[in-house]
Structure formats: C-alpha cells, structure tokens
Undergrad: 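Before I ask anything, let me first share the structure, which is written out below as structure tokens.
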Amino acid sequence: MAQTIPADVPVHDEAHHEESFWSHYVFSTDHKMIAMQYMFTGIFMGLIGGFFAYAFRMQLAFPGVEVPLFGVVSPNEYNALITNHGAIMIFWVAMPVLIAALGNYLIPLMIGADDMVFPRLNRLSYQIFLVSAIVLLASFFVPGGGFAGAWTFYPPLSSTAEYSLTPLGSSLFVVAIALEFAAFLMGGINFIVTAMNSRAPGMKLYDIPMVVWMIVVASVLFMLSVGPLIAGAVMLLFDQNLGTAFFNPERGGDPILWQHLFWFFGHPEVYVVLLPALGVVAEIITVFARKKLFAYRTVLYTVFGTGVLSFTVWAHHQFVAGIDPRMAHVFTVTTLLISVPLAEAMFVYIATLYGGSISLTTPMLWALGFIATFLIGGVTGIFLGASGEDIYLHDTYFVLAHFHYTFFPIAIIGFYAAITFWFPKMFGRMMDERLGKIHFWGTIIPFNFIFIPLFVLGLAGQHRRIYDFTNYPDLAAYQPIRVFATISLLVMFSFQLVFFYNFFKSMFRGPKAPKNPWQANTLEWTTESPPPHGNWKELPTVHRGPYEYSVEGRESDYWPQNEPA
Amino acid sequence: MTIRGAGRLEVAAEARTPQIVPSSVLGMLVFVVTEVMFFAGLISAFAIIKSGTPLWPPPDQPRLPIEATALNSLLLLASAVALILARRSFQTDRDKVRTRLLAAVLLGGLFVFFQGIEWVALLREGLTLTSSTMGSFFYLIVGLHALHAVVALYLLVRAYRRLRRGWLASSQLGSAEVFWYFVVGVWPILYVTVYL
C-alpha cells in the first residue's frame, strides 16, 4: 500500500536526517524500531502474564492465602487470571515477540533490504497492536473485571454475561483479540511481500535463511487460518451485544460451531508461533556447530508439509464435545501424522549438530534447551492426539503440562535464544556470558520442576480450572506436589531478574560489539551493530547460501553470503 | 505525494530482485486470500446452522427476493466487465480507461444502493437481525459483503482520481482491481448459499 503514497518510501538520503524523539521512537516507520516496539510491548505483557501465573499458582498451592502483591484471590478473580494468563501469553507475548518482533527485525536485514515493502502499513500494524493491548488491559478495570471464561472463549460462557459474570470484560476481550489479529494481518502481508519482492540481487529462494522462510510460512498459515476466527469473533460480538443467537441452541444456534471456528485457527496458530522458534534454532545451531544445516531443502519441504497438515487436525480439541467417533478417528490419524514432519525436523537438527565443533555459548544453550524440552512437549502430544486416550486425559493437568512443554520452549526459550543471539546486532553491545548461563540453568531446571509434577497430577485425574483442590478428597492428597510446582515457579521467576539485569546492563554498559561477533554467514552480520537507518550504506549482493560453514579448502570456517567467490 | 517520489520508487525497485508480481498487487492478493477464508468461515457456519434446522427457510420468516437480487447481481458482474475493459485499454487509451473505470464505479455503486433498498423492504416485512438465525446470517453475510463492496469502490474511486491527475501506476490500478474482482467473484457464491 505504501506504493500508493510514493513519498513515503524510505530512501538513502533520508538516513542522515535529524529525527525528533517522537519520529524516532514512537511514529517510526523503520522496521528495526517497530521490531523493538513489538518486543518491548511483548516483554511488558509477558511480565503481566507471568504475574497472573504467580497469583493463581499461589492460590492453588496455598488456598485462601493472601498472595503478596495481589491479595486474596477470589473464585471469579481466579478465573479471570487463568483466562488472561493464557490469552496474554499467546496473543500478546508469543505472537508479537516471535512473529512480529523477529519478523520485522530479521526479514529485511537477512534478505538485504533497506526496509519492509510497506513501512507505513508496518507502523499502523504496531499502533493497532498497541491499542489492542490497551483494550485488554483496560478490561481488567471495568465493572465485573476482566473476562473469566477461559482463553478459548467458548460460548455460552463468553456470549452470556450471566454465566461468565463479566458483562463488559467479555466484549472487550473479543474486541482486543480482533484488533490484535488486524495488526498481525498487516504485519503478515508485509513479511510475505517483503521476502518475495525485496531480496538482495543473487538471493535465490534456496538462499533465504531458514528463519526467514519459517516466518514467511508462519505468516501464510496465519493468513489462511485467521479468517474463520475473525468471522466467529464478529458473530460472538453480535451475540454479546446485538441479541443474535449464532451460538445459542435455544434459538437455533450451535455452540459447537464456535469451537470449530476457533480451533480451525487455533491449531495452525501453534505452528504459527512454533515455526519462527524452529527457524531461530536452525540459525543458532549452524553458527555454533560451525556446520552446514543438514538437508536445507528437506527442512523446507517438511515445513510446507507441516503447514498443510496443520489445517487438518483442529477437531482433536473436540474429542469430548460430542464429535462422531468415526470423525474422531480421522482427526486422530492426521494429528499423529503431523508429529512425523516435526520429529524429522528434530532429527535434522541433531544431524546438524553431529560432528560439529560445538561451542556452548548462551544462545547455543538455549537452542539445545529448546530441542530437549520441545521434544517432551511433542511426545506427550501423541498421547492426547489419540482420541481414546484423550477422553481420559481431556481437560486435565496433563493437557496443561503438555501445552506448556510446547509453548514454553517456543515462546520463552525461543525468545531467549533469539535475544541472546541477536542482542549484539540489536543494541551494538555484547551480553554477559556468565550471567547468561546462570539465567539459562536457573530457568530450564525449575521449568521442568514445575511441569513434570503437573503431568503426574494430570494422570491422577486432576481437572483444569478448579479453584481449590483441597475441597476434593481424592485430589487433596496431592497438595505437596502443587506446592512443589509453585515453589519451582517462584525460583524460576526470581532467576528472570538475572536476565533483566544482564539485559539492561549490557544494553548500556556492555562491551561494544563488532559487526560479526559470532562469525556468522547471514547478511545481517555484514552491517554495523546496530544497523543504521536504511541498514547498509550500499545494499549487499548475495553469492551463496546462508550455511556455508567449515567449507573445505578455505582458511576461515565461515563464508559470508555477500563475499564474492 | 509527489511524482518525484514515484520515480524514486521505480529506481529502488530496479535495483532489487525482479518482481514477478508488483508489491502492491501481491500484498492485496495475500489479503484477498485471508478474505476468502473469512467468507469461507461465514459460509460454513451458515451451512452448519442451516443443515441443523429442520425447516429452512423458517416458515414464519419472509422470503428473500430471489429474482430481484439476481437482476441486481447482473449490475455487479457488468461492473467487473467494465473494469476488465478498462485494464485492457490501460496501455493504449487513457480516455477509455477513464470512462470504463467510471462505469465500473457507477455500476458497483448501483448494486450496493439496490441492496440497501432490498434491506429496507425486508426489515419492513419483519426479517431483522434478531428475528431468526436466518435473519442473523442474512444481515451478517450480505452486510459484510456490502461493507467490502464499499471499501473496494473507494479504492476504485481513488484510482479514478489518480488517473485524472495523470499519475495512476499500473500496479496501483492492479491492487484495486484485485480487491474488486474478489468482491464481485465472491458474490455469486454468497447468492447461491444465502438466497437459494
């Protein structure tokens, strides 16, 4: 769209203009600044989402206790906390950080472009996202409080105020989600078009770094899946506010319809956030194993296959929603099938590591941590994908633990891997390795201590969404396990302080970073750290693929993409 | 907002990878894919509710004007034809482009106008947003289509104004075209599902 307003296209002579605070930090059209805006908003929302988790975990471990910094958690507050913890972590942390921030920052830099194709659309995208975050935060302060009907907002809980007890909160929640999708729609259009049309001369499709491919495929998945959910959200808003009955069976509607519309988006969404994290890991392990990515094209085709398959698995969320068992079998098969390409991706990464000269830097530790923890998430998913077993495990803590074993590696570990790897490029300074490693071990060990016990609780039949388990005689005996998980959570949270100390200290006082501190091949390492407005003084030309490490017969073990042969 | 800017853009585009599809058209195409899925979601929701209702259309609800809307649909199709003809003469005869583009806008505008008249009549007969799921879906789907039509018409009007000032680029017309063809192309499907 920027093309229709030609004066807006950034050109190099603008690079030296003095910019005011507002035009530089707030209304910038520079892709790097928009990435930072997305990232810091995402981190801020992550702190809120984490705080919610702290509050309701305290309630679960010590029912009725006055939680420090929060107070006593009432039953409806508890519902609002778990609802918004889920929604925030997925829609306002994982999405903006992994897709929007990394996509905005990396795509132009890695394909050798000076900016996104539509810079003004990009800016609008962030502004709408910010509004959506504000709407969500505002919903906590309206009468009745924030929405309390679970993050999947199934009707009738979401459509009928008498059930959720949050008349205004539920509408604001849907509005916030709809706005957020509009924002990512614009971002996604930008990512796809930029990666297709703005690549440096010489960069063929198979020379695109894996993380860019992954973000592009994720954007395509998002584009293809979000439509039905927006349709559903419009219908839900009508039900809430205009008196229609799309999801009300009393008047001819169908509540299960919502589940289909939601999960048709919801399951591809898992891959929308997973793929960028997989891409980040691919970049990091090739750099720190000094090896070529094993089977680049196979990985790519695997990703395409995963994308196609991800549209055929959604009904595995409805195995207990009255689905025809024959239909459940179909979705069991597709669900189990989708583990094949992802298992293959894991094997490819291990094959890339095999025989490499591995250096265990902080980003590499995070990348390896991703592979290890995500594997557990993937394997436990197979239990849930089998419809027979899911009937027992459905809506238990087993599901919850499985889900966190996939999303924690994706959103949190993926983010830490990316930020520790690209920090020198983003801020022009190096992070502290020792603090980074302390933070890594202080996160990964408590993480497992939180969620492995929850698998046990789930197998014991502990249902999700229960305010106080001590009221259930057969579940009360497991209270020590809940306390253990909560204490692990507190330990994990306290280690995040190490990260923030390291992050802000390095940003201002860390040692200056050279252009290419990791001796990596991709184009973003050929410009200054941090890159100037317009990214390069002279835009680069590409001569080879991104993973030419340890090529025989060369003196140095890396071969930048832009270096003439 | 200068022609100088447009010139710079072409220079910038030359330096990069050759573009098979111009960026503004590609961006619109990606958006249209999302829109197709959006309407697919609405149509499947409608189909599920319809198949779950024993008597459809509900006996106490007014009937939709099938013939009148079919005639009205012809206006919309004619508008797309006018736009195709406008594109054909884009390289050769700018005056023809102007008249044909204007014809496309007017025909499309008439379609939306007659749809509005149809709505008023139906509302008088007692088909409202809340009178039944049929009413809800009718106003939801047809209304969202009309909303898209209005936005697309705005894009066409903007293209027309640029053309009059003499700086309409082929890709700018292209992105407006893509969106209008989508609006026209999705209509017969909506007509068949909602009206018949």
Side-chain angles (χ1 to χ4, degrees), chain A residues 1-11 111-114 117-118 121 185-186 188-190 192-194 196-204 219-220 222-232 234-235 238-239 242-246 248 251-254 256-258 260-261 264-265 539, chain B residues 1-13 15-31 33-45 48-49 52-53 58 129-130 132-137 139-141 144 155 158-159 162 167 169 171-172 175-176:
Chain A
M1 287 241 174
Q3 225 170 351
T4 57
I5 302 126
D8 192 55
V9 174
V11 286
I111 65 171
D114 53 0
V117 168
F118 308 122
L121 192 66
L185 210 64
M186 296 174 189
I189 291 174
N190 239 329
I192 296 169
V193 177
T194 306
M196 289 302 117
N197 273 356
S198 286
R199 296 194 306 278
M203 184 178 266
K204 294 189 278 301
S219 305
V220 172
F222 180 77
M223 295 294 181
L224 284 170
S225 63
V226 77
L229 180 58
I230 295 183
V234 172
M235 289 156 68
F238 274 39
D239 268 15
L242 298 176
T244 56
F246 291 114
N248 183 353
R251 290 166 51 205
D254 184 0
I256 304 292
L257 174 62
W258 167 265
H260 285 287
L261 292 173
F264 184 81
F265 163 79
L539 290 170
Chain B
M1 291 282 192
T2 56
I3 304 175
R4 189 176 64 92
R8 283 199 310 212
L9 184 79
E10 274 151 35
V11 173
R16 317 309 298 160
T17 326
Q19 303 179 355
I20 301 166
V21 182
S23 293
S24 53
V25 178
L26 184 60
M28 191 56 93
L29 277 173
V30 175
F31 181 63
V33 167
T34 310
E35 291 281 20
V36 167
M37 291 305 291
F38 174 67
F39 278 97
L42 290 172
I43 291 172
S44 19
I48 288 170
I49 299 291
T53 312
L129 190 64
T130 50
S132 66
T133 43
M134 174 180 148
S136 309
F137 270 110
Y139 288 109
L140 178 76
I141 296 179
L144 282 168
L155 293 180
R158 204 173 61 163
R162 281 172 182 276
W167 71 65
S171 60
Q172 289 165 345
S175 70

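Naming: A, B, ... by sequence-line order, numbering from 1 per chain.
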Undergrad: Testing the basics here: between A/Ala231 and B/Gly41, what is the closest heavy-atom pair and its distance to 0.1 Å?
TA: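 Shortest heavy-atom separation between A/Ala231 and B/Gly41 comes out as CB-C, 4.4 Å.
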Undergrad: Report which part of A/Val220 has an atom under 4.5 Å of a heavy atom belonging to chain B: side chain, backbone, both, or neither.
TA: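 When you check distances to chain B, no heavy atom of A/Val220 falls under 4.5 Å.
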Undergrad: What part of B/Ala45 gets within 4.5 angstrom of chain A, counting heavy atoms only: side chain, backbone, both, or neither?
TA: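 Both parts, backbone and side chain.
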Undergrad: With heavy-atom distances below 4.5 Å as the criterion, would you say the side chains of A/Phe246 and B/Leu140 are in contact?
TA: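 They are in side-chain contact.
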Undergrad: Please find the pair of heavy atoms, one from B/Pro22 and one from A/Asn197, that lie closest to each other, and give the distance.
TA: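 B/Pro22 and A/Asn197 have their closest heavy atoms at C-ND2, 3.8 Å.
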Undergrad: To the nearest 0.5 Å, tell me how far A/Leu242 CG sits from B/Tyr139 OH.
TA: 13.5 Å
Undergrad: By a 4.5 Å heavy-atom criterion (distance strictly below it), what part of A/Leu185 contacts chain B: side chain, backbone, both, or neither?
TA: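 Contact with chain B involves the side chain of A/Leu185 alone.
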Undergrad: Please classify the contact of B/Phe137 with chain A as side chain, backbone, both or neither, using a heavy-atom distance under 4.5 Å.
TA: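 Both parts, backbone and side chain.
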Undergrad: Using non-hydrogen atoms only, which part of B/Leu42 is less than 4.5 Å away from chain A: side chain, backbone, both, or neither?
TA: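 Contact with chain A is through both the backbone and side chain of B/Leu42.
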Undergrad: A/Ala245 and B/Ser136: which non-hydrogen atoms are nearest, and at how many Å?
TA: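 Taking A/Ala245 first and B/Ser136 second, the nearest heavy atoms are N-OG, 4.5 Å.
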Undergrad: Check each atom of B/Val21 against the heavy atoms of chain A and say whether the ones under 4.5 Å are side chain, backbone, both or neither.
TA: backbone
Undergrad: What's the separation between atom CD1 in B/Ile20 and atom CE in A/Met196, rounded to the nearest 0.5 Å?
TA: 9.5 Å
Undergrad: Going from CG on A/Asp254 to CD1 on B/Ile49, what distance comes out if it is rounded to the nearest 0.5 angstrom?
TA: 5.0 Å
Undergrad: Would you mind checking which part of A/Phe222 comes under 4.5 Å of any heavy atom in chain B, side chain (CB onward), backbone (N, CA, C, O), both or neither?
TA: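 Contact with chain B is absent: no heavy atom of A/Phe222 under 4.5 Å.
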Undergrad: I need the single residue from A/Ile189, A/Leu224, A/Val226 that forms a side chain to side chain contact (heavy atoms under 4.5 Å, CB included) with B/Thr34. Which is it?
TA: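 Single pass found, and it is A/Val226.
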Undergrad: If you measure from CG on B/Leu29 to CE on A/Met223, what distance do you get to the nearest 0.5 Å?
TA: 12.0 Å
Undergrad: Checking heavy atoms, do the side chain of A/Leu257, its backbone, both or neither come under 4.5 Å from chain B?
TA: side chain
Undergrad: Could you tell me which portion of B/Ile48 (side chain, backbone, both or neither) has an atom closer than 4.5 angstrom to a non-hydrogen atom of chain A?
TA: side chain
